[in-house]
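Computed from a prediction, not measured in an experiment: that's the story for all the values here. The figures here come from the full heavy-atom set of this structure, side chains too, leaving out hydrogens, waters and symmetry mates.
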Amino acid sequence: MIAWIKVSSYEQMSEIAADIFTEQLAKKPDSVLGLATGGSPLGFYKEMVRRCQAEEISFARATTFNLDEYVGKGSGDATSYHKFMCRNLFRQIDLPETRHHLPDGLAEDLAAECVRYEKLIEASGGIDLQLLGIGVNGHIGFNEPGSRFDSRTQVIELTEATRKSNARYFEKEEDIPAKAITMGIETIMSARKIVLLAFGANKTDAVERLKSGAVTEEFPASVLHKHPHVTVIYGK
Ligand code: PGA
């Protein structure tokens with residue numbers, strides 16, 4: 001079931017998302033949190049950093065798993081998702097370094113890395129609360145249209161639409177990675193609760209399509225209709 005929260009500003013979306021994660025951490029300080037990168041969660045991270053530095057919340061006992069990472073990018077790479085997370089969240093909060101996880105985009109054996117990541121999530125007890133953005137093409141994580149609903153962590157070829165939409169983070173077009181490791185759709189659906197953020201005119205079509213309720217692998221986010229506890233915070 002999807003609960004819809006319409007907001008009038010990006011800041012309001014970030015604040016509401018921060019409230020949901022704050023409540024989760026208050027109820028269960030050792031929560032396993034699923035995190036996302038991109039423009040949608042930036043304001044949310046800023047607010048979580050503020051709350052953590054004000055000692056209103058603590059990540060000291062939490063564990064985090066990010067949705068995805070580019071193949072070929074590692075923590076030393078300015079455009080990696082590792083770097084994005086360190087810069088925007090990890091370095092500024094009290095989460096122990098050993099307990100934040102992203103897929104290793106530099107792994108030699110990518111198939112083995114997918115299995116390792118999936119097992120690590122499972123061993124942690126599973127994700128309590130997962131944050132998601134939505135791609136203009138309806139992707140969640142990097143699960144592009146056509147991804148199977150029963151997919152687990154996998155290597156995926158990025159579509160042109162996604163590469164174009166992420167081009168802003170790269171200097172040259174040829175620098176945009178062609179592949180990524182992403183939690184699969186079933187991995188995401190295994191989270192106990194999910195919060196999806198979608199703000200801006202460029203997300204209106206995707207939100208409308210999600211609202212229409214039709215469930216199809218051609219529009220990956222539509223799988224969320226089958227999940228018992230999803231909150232979509234959206235606006236433009
Ligand atoms: P964005 O990306 O938050 O940068 O818009 C979302 C996504 O592609 O999943």
Side-chain angles (χ1 to χ4, degrees), residues 1-5 34-41 65-71 81 102-103 105 107 110-122 126-167 176-234 236:
M1 214 204 69
I2 300 183
W4 299 88
I5 301 179
L35 301 178
T37 49
S40 307
F65 288 94
N66 265 78
L67 286 166
D68 43 21
E69 178 61 284
Y70 290 119
V71 167
Y81 283 171
L102 286 94
L110 293 171
E113 173 57 13
C114 292
V115 173
R116 181 196 71 87
Y117 202 62
E118 197 69 38
K119 284 202 171 136
L120 199 60
I121 296 173
E122 203 183 302
I127 293 169
D128 292 304
L129 179 57
Q130 174 70 53
L131 183 70
L132 294 180
I134 183 170
V136 287
N137 61 5
H139 74 200
I140 48 175
F142 267 138
N143 295 285
E144 301 282 34
S147 286
R148 292 173 54 112
F149 281 170
D150 63 1
S151 53
R152 290 278 168 175
T153 300
Q154 59 178 337
V155 176
I156 202 131
E157 197 115 3
L158 301 178
T159 59
E160 267 320 296
T162 296
R163 294 182 73 233
K164 230 163 97 186
S165 135
N166 288 3
I176 311 168
K179 289 183 185 175
I181 302 181
T182 180
M183 282 187 200
I185 303 260
E186 203 173 79
T187 321
I188 293 169
M189 288 291 281
S190 301
R192 293 177 189 97
K193 289 183 187 174
I194 294 174
V195 172
L196 185 146
L197 306 182
F199 194 85
N202 62 331
K203 296 292 166 77
T204 309
D205 288 351
V207 170
E208 282 310 312
R209 189 157 175 199
L210 181 56
K211 269 193 162 172
S212 79
V215 177
T216 162
E217 289 181 346
E218 287 315 307
F219 191 71
S222 66
V223 75
L224 298 173
H225 286 287
K226 302 211 250 181
H227 192 281
H229 203 300
V230 178
T231 305
V232 173
I233 313 175
Y234 71 105
K236 61 176 170 180

Give a yes or no on whether the backbone of I185 and the side-chain of S151 come within a donor-acceptor separation of less than 3.5 Å.
yes

Do other residues, nucleotides or ligands put more than 12 heavy atoms under 6.0 Å from the NZ atom of K164?
no

Check the side chains of R152 and S190 for a donor-acceptor pair under 3.5 angstrom, ignoring hydrogens and angles.
yes

For R116 and E113, run salt bridge (charged side-chain N to carboxylate O under 4.0 Å, His left out): C-alpha distance rounded to whole Å, both residues' side-chain angles, the deciding distance at 0.1 Å, then the answer.
CA-CA 5 Å; R116 181 196 71 87; E113 173 57 13; 2.7 Å; yes

Counting N and O atoms only, with roles assigned by atom type, does the side chain of S222 sit under 3.5 Å from a partner on the main chain of T216, one being a donor and the other an acceptor?
yes

Do I134 and F219 have side-chain heavy atoms sitting under 4.5 Å apart?
yes

Looking at side-chain heavy atoms only, is the closest gap between I127 and M183 below 4.5 Å?
yes

When you look at D205 and V136, which way does the side chain to side chain contact (heavy atoms under 4.5 Å, CB included) test go after all the steps?
CA-CA 8 Å; D205 288 351; V136 287; over 6 Å; no

Would you say that N166 contacts Y70 through its side chain, given a criterion of any heavy-atom pair below 4.5 Å between the two side chains?
yes

Any side-chain to backbone donor/acceptor pair from H225 onto L210? Under 3.5 Å, distance only.
yes

With under 30° as parallel and over 60° as perpendicular, where do the rings of Y81 and F142 fit, or are they tilted in between?
parallel

Donor-acceptor under 3.5 Å (K179 side chain, V155 main chain)
no

Can a donor-acceptor pair be found, under 3.5 Å and without considering hydrogens, that links the side chain of E69 to the backbone of G105?
no

Can any side-chain N or O of N66 pair as donor or acceptor with the backbone N or O of P103 at less than 3.5 Å?
no

Using the side-chain contact (heavy atoms from CB on, under 4.5 Å) rule, pick out the option among L196, V195, I5, L197 that qualifies with V232.
L196

Give a yes or no answer on whether the side chain of E144 reaches the backbone of T159 with a donor-acceptor pair at less than 3.5 Å.
yes

Below 4.5 Å, heavy atoms only, C-beta onward: do K193 and V230 meet side chain to side chain?
no

Does the side chain to side chain contact (heavy atoms under 4.5 Å, CB included) test come out yes or no for F149 and V215, once each step is laid out?
CA-CA 10 Å; F149 281 170; V215 177; 3.6 Å; yes

Partner of S147 under side-chain contact (heavy atoms from CB on, under 4.5 Å), chosen from Q154, E217, E218
Q154

Strictly distance-based, threshold 3.5 Å: is any side-chain N or O of H227 a donor or acceptor partner for the main-chain N or O of I188?
no

Is a side-chain donor or acceptor of R163 paired with a backbone partner of L158 at a separation under 3.5 angstrom?
no

